[in-house]
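Below is one structure, written out as structure tokens; comments come after it.
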2 protein chains.
Amino acid sequence: MSCITTLKEKGLKITPQRILIADVLHDGKGQYTAAEIIEHVQSKMPGVNKSTIYRNLDILEQAGCVYKSELDHEVVYHHDDHGHHHHLKCVQCGKVVDCDETLLAPLEDSVQKKYKFRVDFKHLVIDGICQDCLKLK
Amino acid sequence: MSCITTLKEKGLKITPQRILIADVLHDGKGQYTAAEIIEHVQSKMPGVNKSTIYRNLDILEQAGCVYKSELDHEVVYHHDDHGHHHHLKCVQCGKVVDCDETLLAPLEDSVQKKYKFRVDFKHLVIDGICQDCLKLK
DNA sequence: ATCTTTATTGCACCTGGTCGCAATTATACA
DNA sequence: TGTATAATTGCGACCAGGTGCAATAAAGAT
């Protein structure tokens, strides 16, 4: 669903800056760093302030349109639409391996049941130690 | 186990700054923000640079002596010894609920088996939406 | 006890992200 | 269409944390 529609539903104002940010997130590759979003937005509308963009990314995150994950020393934002998968990140060598989403499903259920907390894992990053680094020990 | 011993085993040098950092982490409450660690260390040895402390916290994390988690807009460091538990954090209201560690055990196993990745969850922070915020919708 | 090597520290500077506040603008309503 | 009002923007200052580099100090060898 369009981010703009969601914002409207929440009684938030539709500004040109917000439209541009939503456009970037809907387009293309589905994963952007804050710097990339800032660059794309400013290339279409020079002078847009970085605070505006950070603030709007937060708002979109709160609204549930955008997910944020910290991947290998970088924060990336992705739109809800793009399929989920997770990342296993080795804290020793920094390597990142993609990981199937079904792995997390049982956990979502148990947290939901036990704590009445709705978690919906999208692009979760799990820290650990990879096979290669374990061998080096 | 003492952080200092671990550092020695890895061939790293034992400096007064590192000893102070390890002291803070071993003491007391078991959870410190970077700012608290900097303050404690500098109170015992004025002039220690913050970069030194950040660098050493990273090194201790890599060495597996210290765990780092992001809790409600704050990064906290804790020593390996202190018992684990996890946190469920509501992305809407910011509320944090403690959560039992047994919940994560099955996941540790499945990641280990399927991806040969050793994860050892300590003080994990899981984002979600709490019961109260769900009701408001 | 001194020397050599290599890691570590302190320094100055940079970067990403945040905040308070005054100016601006989207929206609802007359 | 014009106006009121509350949200949003842009700005500048600010903060936490990180980096490159020259100076320093720990550890092992002599």
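The sequence lines fix the lettering, A, B, ..., with proteins before strands; numbering per chain opens at 1.
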| request: Can you run down the ring-ring contact (aromatic ring centres under 6.0 Å, His included) pairs that involve residues 35-58 of chain B, sequence neighbours left out, and say none if there aren't any? | output: Tyr32(B)-His40(B)
| note | When every non-hydrogen atom of Ser51(A) is compared with those of Asn49(A), the smallest separation belongs to OG-OD1, 2.8 Å
| query | Any luck finding a side-chain donor-acceptor pair between Ser69(A) and His78(A) under 3.5 Å? | reply | yes
| note | With sugar-phosphate taken as primed atoms, P, OP1 and OP2 and all else as base, the protein-contact string of nucleotides 17-30 of chain C at under 4.0 Å (heavy atoms; B, S, -) is BBBB-----BS---
| task | Check step by step if side-chain contact (heavy atoms from CB on, under 4.5 Å) holds for Val66(B) and Ile59(B). | result | CA-CA 9 Å; Val66(B) 163; Ile59(B) 287 167; over 6 Å; no
Identify the pairs formed between an N or O of the protein and an N or O of nucleotides 28-30 of chain D at a distance under 3.5 Å, and give each distance.
none

| Flag, side chain of Thr52(A) to backbone of Val48(A), donor-acceptor distance under 3.5 Å | no
| task | Let me know the distance between CD of Glu39(B) and C1' of dC15(D), rounded to the nearest Å. | result | 16 Å
| note | note: Ile59(B), atom CD1; dT9(C), atom P; distance rounded to Å ~ 7 Å
| Criterion side-chain contact (heavy atoms from CB on, under 4.5 Å) on Ile53(A) and Asn56(A), from CA distance to verdict | CA-CA 5 Å; Ile53(A) 296 175; Asn56(A) 281 317; 5.9 Å; no
| query | Where each residue is assigned the nucleotide of DNA chain D containing its nearest heavy atom, which of Gly11(A) and Thr52(A) is assigned the position nearer the 5′ end? | reply | Gly11(A)
| Does any N or O in the side chain of Arg18(B) come within less than 3.5 Å of the main-chain N or O of Lys13(B), such that one atom is a donor and the other an acceptor? | yes
| Quick one: does Gln42(B)'s side chain have a donor or acceptor within less than 3.5 Å of a partner on Glu39(B)'s backbone? | no
